[in-house]
Amino acid sequence: MAKIQSVRGTHDIVGAAAAGHRNVVEVARNCAHRYAFGDIDTPIFEFTPVFARTMGEGSDVVRKEMYTFTDRGGEDITLRPEFTAGICRAFISGGMQQDLPLKFFAHGPAFRYERPQKGRLRQFHQIDAEILGVKEPGADIEIIALGAEILHDLGVLDRCVLDLNTLGDHDSRQAYREALVTYFSDHRDRLSEDSVDRLDRNPLRILDSKDEGDRAIINDAPLMADYLNPASQDFFATVCEGLNVLGIACNLNQRLVRGLDYYTHTAFEFVTDALGAQGAVIAGGRYDGLIEMLGGPATPGIGWAGGIERLAMLALHMPQPDRPIALVPLGITAEPMALRLCHALRRDGFMVDMGFRGDISRRLKRANKLNARAALILGDDEIAKGMITLRDLDDGSQQDVALDAVAAHLRKLVT
RNA sequence: GCGGGUGUAGCUCAGUCGGUUAGAGCGCUAGAUUGUGGAUCUAGAGGUCGGGGGUUCAAUUCCCCUCACUCGCCCCA
């Protein structure tokens with residue numbers, strides 16, 4: 001370990017990975033803006049209770065999976081493990097109640113102290129969308145539609161399936177939970193060790209157990225649909241109808257659950273089988289109880305988060321990066337002239353790279369490596385003529401161009 | 001937190017049933033081409049064989065520990 005290395009579960013995002021990353025963010029943001037979502041950027045750390053209160057102080061997640069530390073002032077701080085809680089805190093502390101409804105788009109890093117595996121890092125990156133203050137199912141429809149549209153724009157929608165479920169309102173959910181506990185308690189002796197554990201801690205999670213033996217028991221478990229009160233049924237029906245109107249295919253998955261009490265009604269995940277065990281690329285749901293739990297005015301909310309790394313892995317095809325122009329000065333007379341021209345072209349909007357050293361051969365090699373569209377060569381010969389050599393690096397043709405006509409010529413090459 | 005796999009050049013990987021100077025391809029540098037990139041040819045640089053400890057006359061190779069990556073479980077806000 002003599003060599004210095006990055007912290008476990010962190011990655012440097014460079015080159016093609018950086019381009020893929022940025023592509024996901026830009027596509028998502030463009031899309032969100034078309035849906036009239038505004039940008040929000042909250043701090044990447046918050047007072048620990050912002051996250052801990054909503055999760056339950058004693059939960060595994062809070063105790064073992066957050067980056068929590070005491071800062072120099074003695075404050076209990078946590079790096080954000082997700083976006084929703086911070087955005088809700090911003091909503092509360094910014095006094096935005098009077099601006100409801102609000103639609104937010106955010107992106108950036110998040111942190112979880114977990115064992116890294118494919119599609120799961122300790123510092124990872126998310127895109128995030130939230131709608132606050134809308135109790136109607138229209139918000140559910142819009143937030144899901146936005147997710148689907150982003151996947152479409154990234155060219156990955158056809159490799160994803162939308163899993164959809166409802167947890168019903170608070171009462172429905174409670175009734176179902178009790179029914180599940182009763183049912184699974186009767187089969188306690190046949191459940192896997194993990195699921196026996198879940199029975200006390202988080203019974204809904206038994207439903208997505210991967211254990212073979214559990215599966216058989218789960219097949220005969222009570223279904224959420226049978227415990228929905230009429231209002232919850234209507235709500236969900238409206239959501240499904242809206243998706244149908246928009247032509248968004250979905251798979252009703254009664255095993256799709258959320259563990260925490262503030263979740264109500266719609267839960268959804270866009271999943272893929274192309275990424276191994278971490279298959280959810282965009283996941284979210286309605287959290288009507290969350291803001292109140294954080295000490296704010298009772299305000300409904302719904303949102304989702306999407307993993308940028310996972311989306312970038314899926315979105316293999318990327319828009320071709322812009323190609324630069326290489327400026328090649330030869331000799332000390334040319335240097336200051338080239339410097340001036342370089343500046344002028346850049347101000348004019350061209351992407352220009354001028355090497356810092358080397359002869360013409362070396363500089364053209366670099367131009368080639370940068371995938372430059374053309375090279376501008378300025379040496380004594382050109383200076384004597386009052387021209388500059390414009391070399392097309394795709395076909396190798398060259399022509400002399402007057403200095404004041406360079407921009408016009410380049411514009412034809414770089415569309 | 002639990003289990004499997006893997007760590008050898010900048011990258012992708014061979015290899016050593018323990019034995020002098022550890023290999024390839026790609027990449028890099030230089031030259032063929034002193035004002036012309038890509039292709040080709042030639043030469044060169046680049047490795048404490050992830051780190052620490054143990055066994056041994058001798059360890060990159062065997063053993064233990066550790067770190068990291070990777071696949072799955074757990075968890076999933």
Side-chain angles (χ1 to χ4, degrees), chain A residues 1-11 15 46 50-56 59-66 78-88 110-122 124 126 128 192-195 197-198 201-202 204-205 208-212 214 256-263 267 269 275-280 283-285 287 290 293 303-305 307 326 328-331 334 355 358-383 389-398:
Chain A
M1 252 258 297
K3 219 196 309 190
I4 195 162
Q5 57 186 212
S6 69
V7 174
R8 181 176 204 192
T10 64
H11 273 6
E46 299 274 356
V50 170
F51 305 115
R53 196 182 297 177
T54 55
M55 297 297 306
S59 67
D60 273 19
V61 168
V62 170
R63 286 199 341 267
K64 300 195 290 210
E65 294 171 17
M66 297 200 312
T78 294
L79 299 183
R80 71 177 171 209
E82 52 120 8
F83 282 68
T84 308
I87 289 172
C88 290
F111 306 84
R112 298 181 185 181
Y113 191 86
E114 296 181 293
R115 182 123 178 200
Q117 60 189 73
K118 182 171 179 142
R120 180 196 270 192
L121 295 168
R122 289 184 172 181
F124 58 104
Q126 289 190 327
D128 183 273
S192 68
E193 206 177 312
D194 283 330
S195 285
D197 232 40
R198 285 187 271 240
R201 218 178 54 239
N202 199 347
L204 292 192
R205 280 286 171 199
D208 57 12
S209 170
K210 289 173 185 167
D211 184 90
E212 290 281 337
D214 287 350
L256 176 61
V257 295
R258 293 282 111 102
L260 300 170
D261 286 340
Y262 56 77
Y263 281 107
E269 287 183 4
L275 296 178
Q278 311 300 320
Y287 49 84
L290 177 59
M293 193 177 265
W304 53 247
V328 179
L330 303 172
D359 60 11
I360 185 167
S361 174
R362 187 185 160 79
R363 286 171 185 262
L364 284 175
K365 271 192 179 128
R366 173 169 170 82
N368 200 55
K369 192 178 290 182
L370 292 173
N371 193 30
R373 179 66 185 85
L376 289 167
I377 301 164
L378 185 63
D380 294 340
D381 296 353
E382 285 81 7
I383 292 170
T389 299
L390 170 59
R391 181 177 179 84
D392 185 317
L393 291 174
D394 284 354
D395 64 17
S397 66
Q398 300 194 167

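Note that this is a predicted model, so its numbers are computed, not measured. Proteins get letters first, then strands, A, B, ... in listed order; numbering begins at 1 in each.
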Can you name the side chain to side chain contact (heavy atoms under 4.5 Å, CB included) partners of [X], sequence neighbours left out?
| X | result |
| --- | --- |
| A:Val61 | A:Met55, A:Ser59, A:Glu65 |
| A:Ser397 | A:Asp392, A:Asp395 |
| A:Asp211 | A:Ser192, A:Ser209, A:Asp214 |

List the residues meeting salt bridge (Lys or Arg N to Asp or Glu O under 4.0 Å) with [X], not counting sequence neighbours, and say none if there are none.
| X | value |
| --- | --- |
| A:Glu114 | A:Arg120 |
| A:Glu82 | none |
| A:Asp394 | A:Arg323, A:Arg373 |
| A:Arg205 | A:Asp208 |

Between [M] and [N], how far apart are the [atom1] atoms? Round to whole Å, please.
| N | M | atom1 | result |
| --- | --- | --- | --- |
| B:U55 | B:C17 | P | 23 Å |
| B:U12 | B:U70 | P | 12 Å |
| B:U21 | B:C11 | P | 26 Å |
| B:U42 | B:U6 | P | 37 Å |
| B:U20 | B:G54 | P | 23 Å |
| B:C75 | B:U16 | C1' | 43 Å |
| B:G51 | B:G10 | P | 13 Å |
| B:G1 | B:G18 | P | 35 Å |

Quiz prompt | Test item: side-chain donor near acceptor, A:Thr389 and A:Glu382, under 3.5 Å | solution = yes
Quiz prompt | Protein proximity profile, nucleotides 70-77 of chain B - base contact B, sugar-phosphate-only contact S, no contact -, cut-off 4.0 Å on heavy atoms | solution = SSBBBBSB
Quiz prompt | Contact state string [nucleotides 33-42 of chain B, B base, S sugar-phosphate only, - no protein heavy atom under 4.0 Å] | solution = --BBBB----
Quiz prompt | Sugar-phosphate only, base, or nothing, as touched by A:Gly303 at under 4.0 Å among non-hydrogen atoms | solution =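 Answer is nothing: A:Gly303 stays at 4.0 Å or more from every strand.
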[N] pairs with which nucleotide, Watson-Crick or G-U wobble, both distances below 3.5 Å?
| N | answer |
| --- | --- |
| B:C49 | none |
| B:C2 | B:G72 |
| B:G27 | none |
| B:U40 | B:A32 |

Quiz prompt | Qualifying residues under side-chain hydrogen bond (donor to acceptor under 3.5 Å, both in side chains), relative to A:Gln126, sequence neighbours excluded | solution = none
Mind listing the N/O atom pairs, protein and nucleotides 44-47 of chain B, below 3.5 Å?
none

Self-check item: Gap between atom OG1 of A:Thr10 and atom CZ of A:Phe124 - 0.5 Å precision
Solution: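 The OG1 atom of A:Thr10 is 13.5 Å from CZ of A:Phe124, to the nearest 0.5 Å.
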Using atom types as modelled, flag every donor-acceptor pair under 3.5 Å from a side chain in residues 360-370 of chain A to any protein atom, sequence neighbours excluded.
from	atom 1	to	atom 2	distance (Å)
A:Arg363	NE	A:Gly358	O	2.7
A:Arg363	NH1	A:Gly355	O	3.1
A:Arg366	NE	A:Asp353	OD2	3.3

Quiz item: Counting only N and O atoms by type, is there a donor-acceptor contact under 3.5 Å from the side chain of A:Arg8 to the main-chain atoms of A:Arg115?
Solution: no
Exercise. Nearest-nucleotide wise, let me know which of A:Asp359 and A:Val7 is further upstream toward the 5' end of RNA chain B.
Key: A:Asp359
